[in-house]
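Comments concern the structure below.
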There are 2 protein chains.
Amino acid sequence: MSEERRGAIQSVDVGILRFNRELGRAEILLHKRQNPDEPYFGQWALPGLVINGDTQDQSLEAAIDRLLLSPKVGFSVSHCEQVVTVGNAVRDPRGWATTTVYMAMVDDSVEVEGDKQWVDLVAVSEKKFLLAFDHNELVARIRGRLAGKFRYTSIGFSMLPMKFTMTDVITLFSVVRGANPAKGKTSIVQRVKKMIEAQLIALTDETVQLAMGRPQYLYLKLKPEVIFEFDRALSDD
Amino acid sequence: MSEERRGAIQSVDVGILRFNRELGRAEILLHKRQNPDEPYFGQWALPGLVINGDTQDQSLEAAIDRLLLSPKVGFSVSHCEQVVTVGNAVRDPRGWATTTVYMAMVDDSVEVEGDKQWVDLVAVSEKKFLLAFDHNELVARIRGRLAGKFRYTSIGFSMLPMKFTMTDVITLFSVVRGANPAKGKTSIVQRVKKMIEAQLIALTDETVQLAMGRPQYLYLKLKPEVIFEFDRALSDD
DNA sequence: GTAATAGTGTCTCTGAGACAATATGAT
DNA sequence: ATCATATTGTCTCAGAGACACTATTAC
């Protein structure tokens with residue numbers, strides 16, 4: 001899109017997150033760059049777009065909405081917030097470039113194909129899966145923000161499906177924080193109970209049976225849009 | 001600067017904060033717009049500059065450094081962090097404009113004059129002191145970020161002078177949070193004690209005597225650059 | 001002495017976190 | 001029964017926060 005532009009490039013990028021129950025991991029949506037005239041053609045990157053290229057956006061948020069509706073994403077998200085803005089002269093071979101990075105979450109596990117892919121968040125943030133531009137760094141920033149918010153808010157629940165198990169919550173929290181699953185297990189269970197009291201979550205009588213062990217109860221999100229703030233933080237590591 | 005530019009305007013703005021012991025209030029540095037060819041001439045605004053106008057910046061951080069060295073500020077700060085980026089088609093009469101907002105703090109109470117002024121942070125954030133552009137909103141965002149960080153970090157100490165009293169801390173926390181000074185007083189005292197244990201602060205034998213009442217002990221910052229993270233938050237209101 | 005403000009002590013209570021104990025399926 | 005995993009229960013402890021009490025100045 002509009003390679004003739006002289007000035008600085010301004011863009012928005014979004015890291016869309018979900019929890020994959022089968023694989024027990026957090027995943028981020030990546031997009032394979034399709035334009036042979038653009039740098040990093042054929043490589044994986046965060047979905048993003050240049051602002052005020054072909055289309056005139058009214059605001060950063062409007063640009064994000066346009067991105068979410070575009071084929072690079074194509075589904076709606078349950079939560080979206082701005083993470084950081086990175087701008088410098090070296091991150092884009094075309095010249096000075098600024099991007100404002102958002103993170104978003106999905107409730108229902110949308111499956112994707114072709115030029116889209118769900119990839120392990122931890123692998124990407126630790127550069128075991130290389131992305132275009134400085135996008136590995138951006139993903140690391142997203143994971144950092146996520147881990148920080150996990151400590152004192154219920155934001156993690158936004159990336160779980162509408163029905164989830166206690167094990168899902170514990171697994172999600174431990175992989176994002178890079179900690180042992182047993183770490184703070186009691187606290188997480190307490191937090192879910194708090195959220196049940198606050199009518200944000202309900203315990204259903206449905207269960208999920210794995211190959212081995214006791215079946216797990218399913219919990220249901222009642223108010224997926226509400227982010228709960230806890231007045232004590234989970235531990236750091 | 002460079003009114004001929006066609007594309008979007010990109011800028012950085014900074015809210016520099018300090019605590020005024022005499023007036024017992026948090027203050028933000030404002031700058032009076034000097035260029036008659038620019039919008040909002042003569043009005044007060046956050047210090048800011050257009051990126052890649054006359055000067056080529058290497059990064060957003062380099063632009064902030066240039067701003068801090070420029071006459072619009074002209075002194076160094078003890079802490080600086082990015083708060084938010086706002087971009088839309090209506091905030092600047094010249095057209096689409098994006099600004100990345102930083103907040104910064106000063107240790108020592110630098111006095112300013114002429115086109116610079118320290119103004120009550122709460123008054124500005126509540127629009128009792130009107131600024132150019134959407135800068136009142138930006139200041140409100142800064143205050144919100146500040147109040148949030150006050151809850152679970154020691155960031156507030158960055159805007160106190162190197163030597164401060166317990167009353168300073170309590171006053172600062174209460175005005176930023178918009179709460180009664182007695183609220184959480186015990187907790188704040190506890191936190192200072194924790195920071196003394198951690199060798200970040202020392203109790204001196206110097207005292208400050210006001211017109212009435214018992215004199216106050218002075219505390220000294222030992223490691224002003226270290227931000228302490230508490231594992232429990234202060235209350236919300 | 002009194003007024004005013006600073007600093008300390010005591011108490012309660014919530015919630016993190018470790019760990020043990022029990023429950024419920026498959027085989 | 002045994003194994004594997006889920007769920008519940010028990011205990012400790014740090015720290016928020018309210019409030020009462022004591023200390024130190026000026027007048």
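Keep in mind the model is a prediction, meaning the values are calculated, not measured. Here is how names work: the chains are called A, B, and so on, in the same order as the sequence lines, proteins then strands, and each is numbered from 1.
Here T167(B) reaches the OP1 or OP2 of dA6(C): one of its side-chain N or O atoms lies under 4.0 Å away. Note on K194(A): a side-chain N or O is less than 4.0 Å away from OP1 or OP2 of dG15(C). Contact between the side-chain N/O atoms of S235(B) and the OP1/OP2 oxygens of dG17(D) is found at a separation under 4.0 Å. Residue Q209(A) places none of its side-chain N or O atoms closer than 4.0 Å to OP1 or OP2 of dG25(C).
A residue-by-residue look at P215(B) and F230(A) shows that P215(B) has its nearest nucleotide of DNA chain C further toward the 5' end. Remark on DNA chain D: of its neighbouring residues L218(A) and R191(B), the 5'-side contact belongs to L218(A), judged by nearest-heavy-atom nucleotide. Nearer the 5' end of DNA chain C, as judged by each residue's closest nucleotide, is the contact made by K193(B), out of Y217(A) and K193(B). Between L203(A) and K183(B), the residue anchored closer to the 5' end of DNA chain D is L203(A), taking for each the nucleotide with the nearest heavy atom.
Counting heavy atoms from C-beta outward, D231(B) and S235(A) have side chains that stay 4.5 Å or more apart. Using a 4.5 Å heavy-atom threshold, the side chains of W44(B) and Q117(B) count as touching.
The base of dA18(C) is paired with the side chain of T186(A) by a donor and an acceptor separated by under 3.5 Å. For R214(A) against dG25(C), no side-chain N or O and base N or O form a donor-acceptor pair under 3.5 Å. Evaluation of atom-type donor-acceptor distances gives a pair under 3.5 Å for the side chain of K185(A) against the base of dT7(D).
For the pair R232(B) and Y152(B), the NZ or CZ position fails the cation-pi test of under 6.0 Å to the six-membered ring centre and within 45 degrees of the ring normal.
Checking dT7(D), dG15(C), dT14(C) against every side-chain atom of D231(A), the shortest atom distance belongs to dG15(C). Ranking dA16(C), dA6(C), dA16(D) by closeness to the Q190(A) side chain, first place goes to dA16(C).
We find that CE of M212(A) is positioned 9 Å from P of dA26(C), with the value rounded to whole Å. Between the CD1 atom of I188(B) and the P atom of dG15(D) there is a distance of 16 Å, rounded to whole Å.
Using a cutoff of 4.0 Å between basic side-chain nitrogens and carboxylate oxygens, E111(B) and R18(B) are scored as salt-bridged.
In this model, a donor atom of one side chain and an acceptor atom of the other lie less than 3.5 Å apart for T100(A) and T85(A).
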